[in-house]
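The next block holds one structure in the form of structure tokens; read it before the comments.
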Amino acid sequence: MAKRIFITEDEEDIREVIKCTLESFSYEIQAFESAEECLEETKKNLPDLILMDIMLPGMDGITALEKLKSQKETQSIPVIMLTAKSSEVDKVTGLDSGADYYLTKPFGVLELAARVRAALRKSEAYQKKSEVLTLGGITLDADKRTVTKNGEPVELTLKEFELLRLLMENKDRVLPRETLLDEIWGYDYVGETRTLDMHVRTLRGKLGDNGETQRYIKTVRGVGYRFIGASEA
């Protein structure tokens, strides 16, 4: 069955180029001029992927993204943000709100197709791994997207949740910074280690992880991070 992709882009020329490009790869496409139209359609049909422009008439793309990620029915749909903005602040805002990738206009159609394939692969792999992980008193429920520590809920952002999940899935294995950045933020962010380090710092704080003893997330200097198992913690 062909993957269904929603495109939300108010500029007709760009919308048609994206639509024609992705249809040539046998994707099923529905295109919208506004975020409101896209969100309304998700109530009837759930897509496998959404491409969302940030600068839209009416509701902006970031607000629409936050609405998608706040609802159980749509929170697992991968989203690629399309925008003319290219500053790091804009990227961080979009990615921390739950976007999987970020494409800055103008972009090539082959790059677009590659990002779409990557986002769909990531989503499929993520869904196959749906499970409950319990390590060192921390329980992560992938399906419910919840985390508890010793039975008490821990509120995490989407990226903090993805980071913790990846570390727990690879318990006791050192994950290089580049791997973590690529898996969670996309290859454009490889090299932006301060983004990763900031998220590790806030995640440790929420888990009550003392920075000196590193009870849960251990820093491997010059390499990356690893999640310490219950026996070592």
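In what follows, residues are counted from 1 in the order of the sequence shown.
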Could you check whether any side-chain heavy atom of [X] comes within less than 4.5 Å of a side-chain heavy atom of [Y], counting everything from C-beta outward?
X: R177; Y: Y225; result: yes
X: L51; Y: L103; result: no
X: I62; Y: M81; result: yes
X: I228; Y: R215; result: no
X: R226; Y: R173; result: no
X: T219; Y: R204; result: yes
X: C38; Y: M52; result: yes
X: L49; Y: P78; result: yes

What's the shortest heavy-atom distance between [X] and [Y], and which atoms?
X: Y27; Y: R117; result: OH-CG, 3.5 Å
X: E33; Y: E37; result: N-OE1, 3.1 Å
X: Y216; Y: G136; result: CE2-O, 3.2 Å
X: K149; Y: L207; result: NZ-O, 2.6 Å
X: L56; Y: M59; result: CB-O, 3.5 Å
X: M168; Y: L140; result: SD-CB, 4.1 Å

If you apply the rule salt bridge (charged side-chain N to carboxylate O under 4.0 Å, His left out), what do you find for E40 with K43, and how did you get there? CA-CA 6 Å; E40 188 61 31; K43 297 177 182 178; 3.5 Å; yes
Going by salt bridge (charged side-chain N to carboxylate O under 4.0 Å, His left out), name the residues that satisfy it together with E28, two or more places apart in sequence or in a different chain.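 Once residues adjacent in sequence are excluded, the partners of E28 under the salt bridge (charged side-chain N to carboxylate O under 4.0 Å, His left out) criterion are R4.
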Do [X] and [Y] land in one hydrophobic cluster if side-chain heavy atoms of ILVMFWY residues count as linked below 4.5 Å?
X: F107; Y: F25; value: yes
X: V79; Y: L46; value: yes
X: I80; Y: V109; value: no

Answer yes or no: is there a donor N or O on one side and an acceptor on the other, between the side chain of [X] and the main chain of [Y], under 3.5 Å?
X: K69; Y: S76; answer: no
X: E9; Y: E11; answer: yes
X: K72; Y: K144; answer: no
X: E23; Y: I29; answer: no

Test side chain to side chain contact (heavy atoms under 4.5 Å, CB included) applied to E183 and E162, step by step: CA-CA 9 Å; E183 288 288 329; E162 291 178 11; over 6 Å; no
For F227 and L164, what are the C-alpha separation, side-chain angles and deciding distance, and is it a side chain to side chain contact (heavy atoms under 4.5 Å, CB included)? CA-CA 8 Å; F227 191 90; L164 179 61; 3.9 Å; yes
Working to the nearest 0.5 angstrom, can you tell me the gap between [X] [atom1] and [Y] [atom2]?
X: I77; Y: L65; atom1: CD1; atom2: CG; result: 11.0 Å
X: E155; Y: T146; atom1: CD; atom2: OG1; result: 9.5 Å
X: L163; Y: L196; atom1: CG; atom2: CG; result: 6.0 Å
X: I50; Y: L82; atom1: CD1; atom2: CG; result: 11.5 Å
X: N170; Y: L175; atom1: CG; atom2: CG; result: 4.5 Å
X: L39; Y: T8; atom1: CG; atom2: OG1; result: 7.5 Å

Would V154 and I138 satisfy side chain to side chain contact (heavy atoms under 4.5 Å, CB included), going step by step from the backbone distance to the final call? CA-CA 9 Å; V154 179; I138 295 174; over 6 Å; no
Begin with the C-alpha distance, continue with both residues' side-chain angles, and end with the deciding distance and a verdict on side chain to side chain contact (heavy atoms under 4.5 Å, CB included) for R145 and L158. CA-CA 9 Å; R145 287 182 178 265; L158 286 167; 3.9 Å; yes
Does K67, at its NZ atom, have more than 12 non-hydrogen atoms belonging to other residues, nucleotides or ligands within less than 6.0 Å?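 Not buried by this count: 12 neighbours or fewer within 6.0 Å.
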Output every pair passing salt bridge (Lys or Arg N to Asp or Glu O under 4.0 Å) with a member in residues 45-60, not counting sequence neighbours, ordered by first then second residue. D53-K105
